[in-house]
Amino acid sequence: MRTKRFIRLKEIAPLVETYHTPTPAQVECSDESLIVQPYLCRTDKDGYMMNGNGIKSGLRSIVFMGDSFVESMYSEETDRFVSQTERLLEVGGERFQCLNAGYSGSSTLQIVNSLINKVYPTVGPNSYVVLQVPHSDRDYIHEEGSYWNQTPRGATILPASGTIQDGLPVGSEATRTALNLAISTAWHLKIKLILATTPFRRGDFNSDAPLRRIYRRNADRYQTTLQRRLEMCQVVRAIAAESRRVSFLDGEAALSGSPEYFQDELHLNRSGQNAYAAFLARSLKEILS
């Protein structure tokens, strides 16, 4: 029987209303700032997460794309930084509709697919996209096949064929390839792209309990991962500096020095959501004006 395959569009299904509670494994890798309770997840007809501010019409859109950092599943709906940014941001009297297109485990290559096949037809040209370059990339670019790997979360085509050709870009070269694809795609679709490094928890490994639990007290493994995350952020900065087609936000520089803003290694707690929303509102006001 012939196998039917499909290109994966990473999104939460449209028009859902569900609750998500942190699992025991997620609680183990977090600190006390993660409140264990059900968190509401609602999506609109296009599969964007609702932000609790009410549906906006007639406003230009700013779409935030990324992985679970943007999704912010284990934060209250109105606390998520996309929701707060919408309430805070005003430029010359203009307000904006801020849309949350985050999805856990998304890679930059999968975001390019969503940019073409979801974002562009739903918000149109002259909209803005903030691409929070996902730390999920760090998990993929060192796999066999890089962004085109065969892992259950990372595969771009399902079911995967099992065939990976030699010569595909890996590591930093892969990050550069995917980001240049995103920049070129947005440029030709007349979408105004804003690249952003994504912050993460950095602390003293000897005393930071969540980091020690995540890495099973293996300092070498933590240092390897840390260096890969920092290297990826440097690639994002370099690409943004080289291109005249994008604006840039350095989220990693803004928050990564403050472990108190994170529930775990990669996700913001309530204080972090507040701080990041304030950073975004300030920075976007400068870019948009």
Side-chain angles (χ1 to χ4, degrees), residues 4-23 26 37-87 89 95-134 136 152-160 181-182 185-186 189-194 196 198 267-268 273 277 280:
K4 292 184 178 180
R5 298 206 297 163
F6 59 91
I7 296 174
R8 187 182 215 166
L9 181 66
K10 279 211 163 186
E11 66 167 1
I12 303 172
L15 298 175
V16 302
E17 184 170 329
T18 58
Y19 286 86
H20 296 257
T21 301
T23 66
Q26 289 165 329
Q37 65 180 41
Y39 290 90
L40 177 63
C41 172
R42 301 183 298 156
T43 56
D44 65 15
K45 62 182 177 59
D46 296 312
Y48 296 111
M49 290 180 72
M50 304 281 279
N51 59 26
N53 297 335
I55 301 294
K56 304 292 191 298
S57 61
L59 302 180
R60 278 197 293 174
S61 296
I62 304 175
V63 182
F64 291 80
M65 305 187 74
D67 58 7
S68 56
F69 175 84
V70 175
E71 182 187 72
S72 299
M73 187 64 76
Y74 300 120
S75 294
E76 296 285 2
E77 188 175 69
T78 54
D79 284 344
R80 294 169 184 149
F81 67 79
V82 176
S83 175
Q84 292 197 56
T85 300
E86 183 178 88
R87 297 195 299 273
L89 184 61
R95 310 290 302 200
F96 296 85
Q97 173 184 240
C98 292
L99 299 172
N100 187 333
Y103 188 84
S104 179
S106 293
S107 71
T108 299
L109 183 63
Q110 290 163 336
I111 287 170
V112 172
N113 178 32
S114 294
L115 185 62
I116 297 169
N117 292 311
K118 172 179 176 168
V119 172
Y120 181 65
T122 57
V123 301
N126 299 315
S127 296
Y128 293 88
V129 166
V130 177
L131 199 176
Q132 291 279 170
V133 180
S136 295
R153 279 163 61 90
T156 53
I157 297 179
L158 296 176
L181 279 172
T185 298
L189 296 179
K190 296 182 172 58
I191 287 175
K192 300 171 184 179
L193 186 64
I194 302 167
T198 300
H267 306 105
L268 298 172
Q273 297 284 352
L280 286 172

Q. Taking all atoms of both residues into account, what is the closest heavy-atom pair of Leu158 and Ala155, and its distance?
A. CD2-CB, 3.9 Å
(Q) With a 4.5 Å cut-off on side-chain heavy atoms, are Tyr103 and Gln110 touching? (A) no
Q. Is there a side-chain contact between Thr156 and Asn113, using heavy atoms and a 4.5 Å cut-off?
A. no
**Q.** Arg5 and Pro159, any side-chain heavy atoms less than 4.5 Å apart
**A.** yes
Q.
I need the Leu99 CG to Thr43 OG1 distance, nearest 0.5 Å.
A. 12.0 Å
Q: Would you mind reporting whether Leu268 and Phe69 have side-chain heavy atoms less than 4.5 Å apart?
A: yes
**Q.** Under 3.5 Å donor-acceptor, Asp67 side chain and Ser136 backbone
**A.** yes
(Q) Tell me if the CG atom of Leu15 is crowded by more than 12 foreign heavy atoms within 6.0 Å. (A) yes
Q.
Treating Asn51 as the side-chain partner and Glu86 as the backbone partner, does any N or O pair qualify as donor plus acceptor under 3.5 Å?
A. no
Q | Close side-chain approach of Leu189 to Pro125, heavy-atom, < 4.5 Å | A | no
Q: Hey, could you give me the CG/CD distance between Asp79 and Gln273, rounded to the nearest 0.5 Å?
A: 7.0 Å
Q) So, do Arg80 and Met49 sit near enough that their side-chain heavy atoms are less than 4.5 Å apart? A) yes
Q.
To the closest 0.5 Å, what do you measure between OG1 (Thr185) and CG (Leu115)?
A. 6.0 Å
**Q.** His267 vs Ser68 side-chain heavy atoms within contact, under 4.5 Å
**A.** yes
Q: Using modelled atom types only, decide if a donor and an acceptor are shared between the side chain of Arg87 and the backbone of Thr78 within a distance under 3.5 Å.
A: yes
(Q) Looking at Lys118 and Lys10, would you say the former's side chain and the latter's main chain have a donor-acceptor pair under 3.5 Å? (A) no
Q) Are the aromatic ring centres of Phe64 and Tyr48 under 6.0 angstrom apart? A) no
(Q) Whether the side chain of Thr198 engages the backbone of Val133 through a donor-acceptor N/O pair (distance < 3.5 Å, no angle test) should be reported. (A) yes
Q: Answer yes or no: is there a side-chain heavy-atom contact under 4.5 Å between Leu181 and Leu109?
A: yes
Q.
If I compare all heavy atoms of Leu193 with all of Ala186, which pair ends up nearest, and what's the gap?
A. CB-CB, 3.8 Å
(Q) So, taking the atom named CG in Leu89 and the one named CD in Gln97, what distance separates them when rounded to the nearest 0.5 Å? (A) 13.0 Å
Q: Please say which of Glu71, Met73, Glu17, Met50 ends up in a side-chain contact (heavy atoms from CB on, under 4.5 Å) with Cys41.
A: Met73
Q: Go through Val63 and Thr122 one step at a time and tell me if the side-chain contact (heavy atoms from CB on, under 4.5 Å) criterion holds.
A: CA-CA 10 Å; Val63 182; Thr122 57; over 6 Å; no
Q) Between Glu11 and Pro14, what is the shortest heavy-atom contact and its length? A) OE2-CD, 3.9 Å
Q. Can you tell me how far CD1 of Ile194 sits from CE of Met65, rounded to the nearest 0.5 angstrom?
A. 13.5 Å
Q | Ser83 backbone acceptor or donor facing Asn100 side chain under 3.5 Å | A | no
Q | Heavy-atom pair of closest approach, residues Tyr120 and Ile116 | A | CB-O, 3.8 Å
Q: To the nearest 0.5 Å, tell me how far His20 NE2 sits from Ile12 CD1.
A: 6.5 Å
**Q.** Sidechain-backbone polar pair: Arg60 side chain, Tyr128 backbone, donor-acceptor under 3.5 Å
**A.** no
